[in-house]
2 protein chains.
Amino acid sequence: MAATDKALAGLRQMIASGELGPGAKFPPEPELCDHLGVSRSSLREAVRSLGALGVIESRHGSGTYVSALDPAAIIGRFSLSVELIPLEGVLELLEVRRVLEAHATAAAAARQDPELAARLGAVLDQLESTTDATEIQHLDAEFHGLICAAGGNPTVTALTDVIRGRGGHYRIFEPGADFDAIKQTSDRGHRAILAAITTRDPAAAATAASAHIAQTELWLRALRPDPQPALP
Amino acid sequence: MAATDKALAGLRQMIASGELGPGAKFPPEPELCDHLGVSRSSLREAVRSLGALGVIESRHGSGTYVSALDPAAIIGRFSLSVELIPLEGVLELLEVRRVLEAHATAAAAARQDPELAARLGAVLDQLESTTDATEIQHLDAEFHGLICAAGGNPTVTALTDVIRGRGGHYRIFEPGADFDAIKQTSDRGHRAILAAITTRDPAAAATAASAHIAQTELWLRALRPDPQPALP
DNA sequence: TGACCAGAAGTGGTCTGAGGACTTACGCTT
DNA sequence: AAGCGTAAGTCCTCAGACCACTTCTGGTCA
């Protein structure tokens with residue numbers, strides 16, 4: 001087995017065996033090298049690998065630690081790779097978002113939380129009064145994010161956040177001939193979702209969310225050929 | 001900005017800008033070091049990071065390449081981290097699987113594919129005639145995997161695969177007092193799913209799949225306190 | 001002419017050693 | 001008791017050397 005792979009397996013084993021739980025500190029690098037039988041270079045490459053996956057965190061001057069192993073945080077690491085996926089793959093991901101967000105929106109509607117409806121309404125008021133693409137994207141993310149969070153499953157929220165972030169690189173709301181029509185359709189979709197949440201109708205909420213995201217999928221398909229995504 | 005982060009950003013930018021598409025080859029390491037202004041160690045750590053995320057592949061003696069950037073393959077990389085998530089987080093993930101797999105199962109039922117039903121029936125025949133925990137797990141994965149694949153979205157299949165793989169580390173089917181009852185309930189759940197697919201009833205398929213996975217969630221909850229997962 | 005094989009060039013993989021940068025904790029001073 | 005400087009601990013970066021694997025090239029042999 002290659003040196004880096006050996007180190008990788010050793011580090012994972014230390015976590016999986018329960019020897020080191022969430023937040024625990026690893027021994028210093030020289031000690032780990034000795035324990036795993038690899039050089040410092042190989043060990044560090046293995047640590048970087050697990051760091052990229054959100055399993056390990058290295059803190060300069062302090063030490064190397066097991067992360068919280070929180071599913072939402074780990075899924076958040078997806079954004080580093082998902083942001084590089086071409087449009088073709090983004091459409092597959094959007095189907096995932098559509099299904100998950102319909103579920104979360106229904107769950108949010110089932111809860112009796114008048115404050116949520118009030119906050120969503122405030123966001124939509126802002127959203128409907130702006131034509132700035134960046135602000136639209138930001139407010140749209142806040143609207144959907146609030147709903148998903150109210151759905152009660154942070155993992156679902158993290159997944160939909162990552163996918164929404166990728167889709168956001170494609171600028172649907174560029175000034176152009178269709179801008180007004182697209183904006184109006186989008187605004188109506190948001191109001192339909194809010195109405196279902198306000199009236200506590202989970203089935204209607206799921207349908208409205210699903211339809212809204214399906215509409216986004218259609219707009220994205222129209223954007224082919226694949227434009228270049230903008231990295232943050 | 002730290003050296004490794006600088007290299008990481010540079011590599012991602014080369015992909016995001018379209019300079020290097022899926023499958024493209026990076027310049028040799030010394031050239032990249034010069035271009036990015038970092039040492040070879042730092043560059044290699046950055047390459048390992050993107051390698052762990054499934055964005056880059058290094059082939060010994062050949063070169064470093066951009067991966068296919070296929071969403072299913074990228075999601076598959078997450079098994080490395082998901083396998084380390086504690087039970088508490090696995091339950092959140094199972095809700096994701098339940099929702100996605102209900103969707104995929106409905107899609108599979110909507111398709112008119114007699115061959116799928118035949119293959120599923122064969123798998124269930126084997127599954128019902130064994131009591132070996134490892135074989136049960138394997139056949140269960142094949143059953144659900146075939147259905148998800150028939151659903152038509154490889155990304156959904158990859159996600160459910162990863163989550164199912166994590167859940168499989170918890171041995172529900174250990175020989176014990178409840179073994180027979182659990183096995184029978186599980187078998188009945190599978191038959192209900194197959195029946196819905198055979199009769200091409202998407203709604204029934206979604207319900208059956210959702211109920212089946214919800215049952216798994218209940219069994220897992222009963223397993224607390226968290227047992228140690230077994231790495232492959 | 002074709003297939004096969006050996007060598008050379010190109011490239012990533014690993015190790016070692018050194019010095020720098022940051023965090024943390026200790027002990028001193030006020 | 002609070003604040004601060006110092007020292008120890010730890011990770012970060014660089015440089016150079018050598019090894020292992022892949023790929024291509026050229027020659028040899030059937």
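The figures that follow rest on heavy atoms only: side chains count, while hydrogens, waters and symmetry mates do not. The sequence lines fix the lettering, A, B, ..., with proteins before strands; numbering per chain opens at 1.
- The outermost nucleotides of DNA chain D lying under 4.0 Å from heavy atoms of chain A, listed 5' to 3', are D/dG9 to D/dT13.
- Taking each heavy atom of B/I75 and B/V162 in turn, the nearest pair found is O-CG2, 3.6 Å.
- Computed from coordinates, the B/L32 CG to C/dT11 P distance equals 11 Å when rounded to whole Å.
- Per the geometry, CD1 belonging to B/I56 stands 11 Å off P belonging to C/dG12, to the nearest Å.
- A/R59 pairs by the salt bridge (Lys or Arg N to Asp or Glu O under 4.0 Å) definition with A/E57, not counting sequence neighbours.
- Taking every heavy atom of both residues into account, A/P86 and B/P22 meet most closely at CG-CG, 4.5 Å.
- Atom C1' of nucleotide C/dC15 and atom CD of A/E29 are separated by 15 Å, given to the nearest angstrom.
- For the pair B/S58 and C/dG12, the criterion of a side-chain N or O lying under 4.0 Å from OP1 or OP2 is not met.
- When the ring pair (Phe, Tyr, Trp, His ring centres under 6.0 Å) test is applied to B/F143, the partners found at least two apart in sequence or on another chain are B/H190.
- Residue pairs meeting the side chain to side chain donor-acceptor pair (under 3.5 Å) criterion with at least one member in residues 146-163 of chain A, sequence neighbours excluded: A/N153-B/E95, A/T155-B/E92, A/D161-A/R164.
- Side-chain N/O atoms of A/S42 include one lying less than 4.0 angstrom from OP1 or OP2 on C/dC15.
- Listed by first and then second residue, the salt bridge (Lys or Arg N to Asp or Glu O under 4.0 Å) pairs involving residues 46-56 of chain B are A/E45-B/R48 (not counting sequence neighbours).
- The minimum heavy-atom distance between A/S67 and A/G54, with the atom names listed, is OG-O, 2.8 Å.
- Taking atom NZ of residue A/K6 and atom C1' of nucleotide C/dG13, one finds them 13 Å apart after rounding to whole Å.
- Look at CG on A/L36: it is 15 Å from C1' on C/dT14, rounded to the nearest Å.
- Contact between B/G151 and B/A107 at its shortest, heavy atoms only, is O-CB, 3.7 Å.
- Taking 4.5 Å as the limit, every side-chain heavy atom of A/Q126 sits out of range of all side-chain heavy atoms of A/T130.
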Output one letter per nucleotide in nucleotides 17-24 of chain C: B when a protein non-hydrogen atom lies under 4.0 Å from the base, S when only the sugar-phosphate is that close, - when neither is. -B-BBBB-
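- Atom P of nucleotide C/dT16 and atom CD of A/E45 are separated by 14 Å, given to the nearest angstrom.
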